[in-house]
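Heavy-atom basis, side chains included; hydrogens, waters and symmetry copies ignored.
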Amino acid sequence: MHGRPRKAPTQEEQEASSLKAVKLRELQSQLLNFHRNKIYTKEAVDISTKLLESNPEHYTGWNYRKLSVQNLLESALDSDSVQSILDEELRLVENALKQNFKSYGAWHHRKWILSKGHSSTDKELRLLGKFQKLDARNFHAWNYRRFITALKEIPDEKELQYTTDMIYDNFSNYSAWHNRSVLLSHLMEAREGHSGKENVLGEEFEFVRSALFTDPDDQSGWFYHLWLLYQTLKREPLLITSWPSTGSNIQLSVNGYLDGQSLLPVLHFQSKARKYPIILCFNEAVEGVCSSTVTVECEYHAGDDLIWTPLSANKLDFAQAWLTYLNFPDEVNSLKPYSVKITVAHVPGITSLSGAPCSTTHTSFTVCVPLHDLKHAELQTMERISWKEEKFRACATQPQDANLLHSLGNFKITMENKPSASDWSMETIFTEIAHCRELLSATDCKIGKLTLARLLMAHNTLISYSRPNDGAEIHYDEILALYRDLMKMDPKHLCYYEDEYSLALLKQLTSNTESLLKYSYEYQESTSPSMKSSLCLRLNGLSLSRLGSMECLLWVQMLDLSHNKLRSVEGLEALQLLSYLNLSNNKICSFTALEPIRMLKALQVLDVSYNEIGAHSVDSSRYLCSSPMNHAVGNDWNFEEFANGGIKLNDHWDAFLVFKDLNLIQLEIMGNPVVNDQLKAFLFKIMPELKWLDGEKCN
Amino acid sequence: MDETASYPPIEPSNFDLIVIGTGLPESILASAASATGKTVLHLDPNPFYGTLYSSLPLNELTSFLRSQSQPLTPENDESTQLLTLPLYSSIEINSLSSEPIENSRKFNLDLSGPRVLLCSDSMIDLILKTGINQYMEFKSVDASFVGDAEGNLGSVPDSRSAIFKDRSLSLTEKNQLMKLFKLVQGHIGKESGEDDLISEEDLESPFVEFLNKFGLSQKLKSIILYAIVLADHDQDNLENCKDVINTKSGIDHLALYHSSIGRFPNANGPMIYPIYGQGELPQAFCRRAAVKGCIYVLRMPVAALLMDKDGLTYKGVKLVSGQELFSNQLILAPCFMIPSRLTPAAQVANSYDVGRRDAKEKVARGICIAKSSVEPEAANCLVFFPPKSLYPEQKTTVRVLQLSGNVAAGPSGMFVTYLSAMCDNAVEGKKLLDAAISALFSLPICGNSENNGIEKLSENTDSKPILLWSALYIQELTMFQDSFNSISFTPLPDEHLHYNNLLDATEKLYQKIYPNEEFLTQTNLPEEPVDDDSSELD
């Protein structure tokens, strides 16, 4: 059934098929006519039989058929005639399936008949047995099997044995493995308690291991292994980091930069309204973060009117990071630290995509709010940021920088009754890592390497749950080496490996303060003493193709990501303090790929020069994002205001979408094919605060 | 004198070929010759088909064995009498229960067991080609095992799914074994011109060295060498090994084995066995020969050869009935012997046996009957006892084939077990078979229960089947007579588990007799397309 080469039809076959088409067209038009006029005579029904038996793909035919059955059933006098009507339908479906055993319409029709409850399910199981022999991986048949077993109330244990038999017969049967995972999910849910799940998963790991060792090149077992791995790692969602971080003492200022001298992290937020952000980062996307599920206790502020916004580029209600703003009214201004305590999920309501409830966590910090020195803020004149190499000074040698970073990097949440990774999952991952290494020592296999890399990452994640901040840089070098190997071995999936490599590398870099310090620089544009230096995280030239571990970088205000291979900046939306961003010399190929930046309200300086925006004439991702075409951009779509002066919506809606809400002062965009004078003029227009565009000063 | 005299005379009396004996090679030759239009007369002194390859009721088997073991009667100088060669020796019948004998006629016991067909071997090809599968039905051999002296049976992981299922293999072993299987498949499947997966040098070296290079464990090596590649002699002891299997033939056999799995959808494993026994095969070829015009006369002993005036040139045969029949060629089953006076160089080993390094070699065969299976989960199965597995001095593999009532080997509820092993002499042969039998069976507790040995045996072997009846005999493998002018001898049943070598020898013999004729070409039976042959399998 699988992997058969397609043969070109012979002359005769072509003739036969065109003859058949003529016949089918005739039948089709007759059927449509009956359908329109609601004719369900025997003659009419016979026509539909003929049509569906030779072309089971005719959906209207099946619908007509259902209507006619209903019609017949209404006038059926006794159970015998009901039976014969339904039997006739089953016979028709059987013939249709002989024609094409993967016909959706036919299988659906059969389900519809069976759900009437008058037909023998035993007969269906026998039929399925035949289909299984014909093609053990026919997912229609497997779907139908699940339907019948539910109807017949066959216990999951019995079906599980069936999948075991099928897998014993041939363990390349993806469908059987898949059905096994479905059944086990039910069984694990039904069996309360952890030990049940642990036993089941332990046995399954052993079962699939035999398949992996026997034929490491066969992917079906590996897919199942991946599912088992997910089940092992699966846990309730929880808060992992926040800004301000737990236990930190934050001094707020309005003047611009992190204050390197104060030894305290000083949050700048340019809002004149004295609004300061709070960000909560979870280990996975959650929904339901709101003032009732998150309590913010503050001396002057009850916090129940706070509005939490999901930080997610794709506008769903799920996000890993959530944002709210604390308002400090004018009367609150002293150097006395206010303490703020946040309790997450003390009442149910925050759930992950899979519906698991979030566990309760606390975070607290203190805030100092200075006098509202508006004048000072106004005085601050900005110079153009050149990102020149000589303006950077490594922090690694500066003890005060290390201290600062340490307090910034002390971001991990300490939780009450912290749900540490269970010994069982840790042990399981250890065992799987050992087996994977054993296999790789005997066989050089791509998917084995990938699995080992995944297992090592999982291991590190588990460790980070149970022992945060202990600086364990375990396995990262090995993971990176595995992905480098995979890029060479399997260039077809290069992009995937690059992404995974990037995630692992970022995880390594952010795993502890010492390593972060290596990438931290002080940046000073001019030597004038009036200019304070800024702390810049430089992740440039690391071959990153994707961003991750952003939950560890919530404090970053200046970020250099230049000279990477970034195709997307998804994840950046969590960095709400980010003011300066360098994305030059990457592989961003459309404005829509910058969409996460829209949410960075603090962003003032952006460098996207020397990317590939506009280089690809067909950019399919352009239509996957928010656009005026899919009505996802909201009511504030006021493009028309700017649409004069020869700017066309078709050309620049995506630039408009990304930039209109940003308060950029400086933008670098040169070196992208899309750039022309018209675009530049347009950008000036939609960003009135823009002072520099590609180094040109605006009047 | 007897009923043979009452036979009507055979018409005509001149043939292209007369064949005496209806063993498998003789039947194939008769079938091949008659297919090309030769006139063939096929005679057998016995009342049954198959001669040395027949399947017989229990009593008839015993008497046939005995009849073929009589020492030669001193010959009369003048005589051209056809004699019977004593092929079997040291016959030992052990009847521990009367039940098998009482059901004697319900047994179909193979004279030259154990023997099975591999689904992709040349014999199956010939069966399909000639269409004789319409006369036969097959059942699959359910499983293979490797045994030890205690009678523990380990499965033979011979396929991908068997490796996956096997619980006795370590993960590394699973990996290595499958890797080897894949390499073999790749090697066999490669197009000419592609890079060799296995070097020429490796192909010529002993297979055991190749397996060592692959890093296989002793257990896996033993499974591959003795249960899949079917080696007879101890391959680990290369210096003293009488038949070292080289990598090329090892791999060819592995490939044959694998291509046999799944050839017929209803055969579970690589091997099948004919219902009613091996004797069905020669009979089926005879039926095909008869369809092509070959004349069959059973129960017709040949009294003497008719020679030309010079006394050295063959002319024809004289039947016991007194009739004289003439032919250009005569083919004799190997159990016949012609007076040495007639042979130009007596005591020359037959040409098929020339390849045999050691003319002393014999095969010890055994038949056991019990009422339960040696392995509860398999009715029809093979057991291999590799060299040194039964006792340290064991030099050759003991092969065991157990068959149940579902292939009509015996009455339902009884299991027939065939054993064979190569040996240099009867003492060694008996020792080999006895060791295997005591590993697999327990002896019934007889009257002399004082005997500690038996008591001990029955204690340890509660679950083992109780032996009801057994027959052990030694069969010669080398014939000291060769074809000369118009008289040819067919090969003896060999020591192998399959028919491949026999078939090769038979084809060679045919080409020697009829150098310009084709050997059994494809028959097209429109009502019985070859594709459907699998339907004949259970």
**Q.** A:Arg146: partners by side-chain hydrogen bond (donor to acceptor under 3.5 Å, both in side chains), with sequence neighbours left out
**A.** A:Asn143, A:Asn179

Q) How far does CZ of A:Phe213 sit from CG of B:Leu169, to the nearest 0.5 angstrom? A) 12.5 Å

Q: Sequence neighbours left out, what passes salt bridge (charged side-chain N to carboxylate O under 4.0 Å, His left out) with A:Asp156? Give chain and number order.
A: none

Q.
To check you understand the geometry: which heavy-atom pair defines the closest contact between A:Phe207 and B:Phe164, and what is its length?
A. O-CE1, 3.5 Å

Q: Quick one: list whatever passes side chain to side chain contact (heavy atoms under 4.5 Å, CB included) with A:Glu157, sequence neighbours left out.
A: A:Pro155, A:Leu187

Find the N and O donor-acceptor pairs between chain A and chain B that sit under 3.5 Å apart.
{"residue": "A:Asn170", "atom": "OD1", "partner": "B:Arg160", "partner atom": "NH1", "Å": "3.2"}
{"residue": "A:Ser172", "atom": "OG", "partner": "B:Arg160", "partner atom": "NH1", "Å": "3.0"}
{"residue": "A:Ser172", "atom": "OG", "partner": "B:Arg160", "partner atom": "NH2", "Å": "2.7"}
{"residue": "A:Ser210", "atom": "OG", "partner": "B:Lys174", "partner atom": "NZ", "Å": "2.4"}
{"residue": "A:Phe213", "atom": "O", "partner": "B:Asn175", "partner atom": "ND2", "Å": "2.9"}
{"residue": "A:Asp215", "atom": "OD1", "partner": "B:Lys182", "partner atom": "NZ", "Å": "2.4"}
{"residue": "A:Asp215", "atom": "OD2", "partner": "B:Arg160", "partner atom": "NE", "Å": "3.0"}
{"residue": "A:Asp215", "atom": "OD2", "partner": "B:Arg160", "partner atom": "NH2", "Å": "3.1"}
{"residue": "A:Asp217", "atom": "OD2", "partner": "B:Lys182", "partner atom": "NZ", "Å": "3.3"}
{"residue": "A:Asp218", "atom": "OD1", "partner": "B:Arg160", "partner atom": "NH2", "Å": "3.2"}
{"residue": "A:Glu438", "atom": "OE2", "partner": "B:Thr172", "partner atom": "OG1", "Å": "2.6"}
{"residue": "A:Ala442", "atom": "O", "partner": "B:Lys179", "partner atom": "NZ", "Å": "2.3"}
{"residue": "A:Thr443", "atom": "OG1", "partner": "B:Asn175", "partner atom": "OD1", "Å": "3.0"}
{"residue": "A:Thr443", "atom": "OG1", "partner": "B:Asn175", "partner atom": "ND2", "Å": "3.1"}

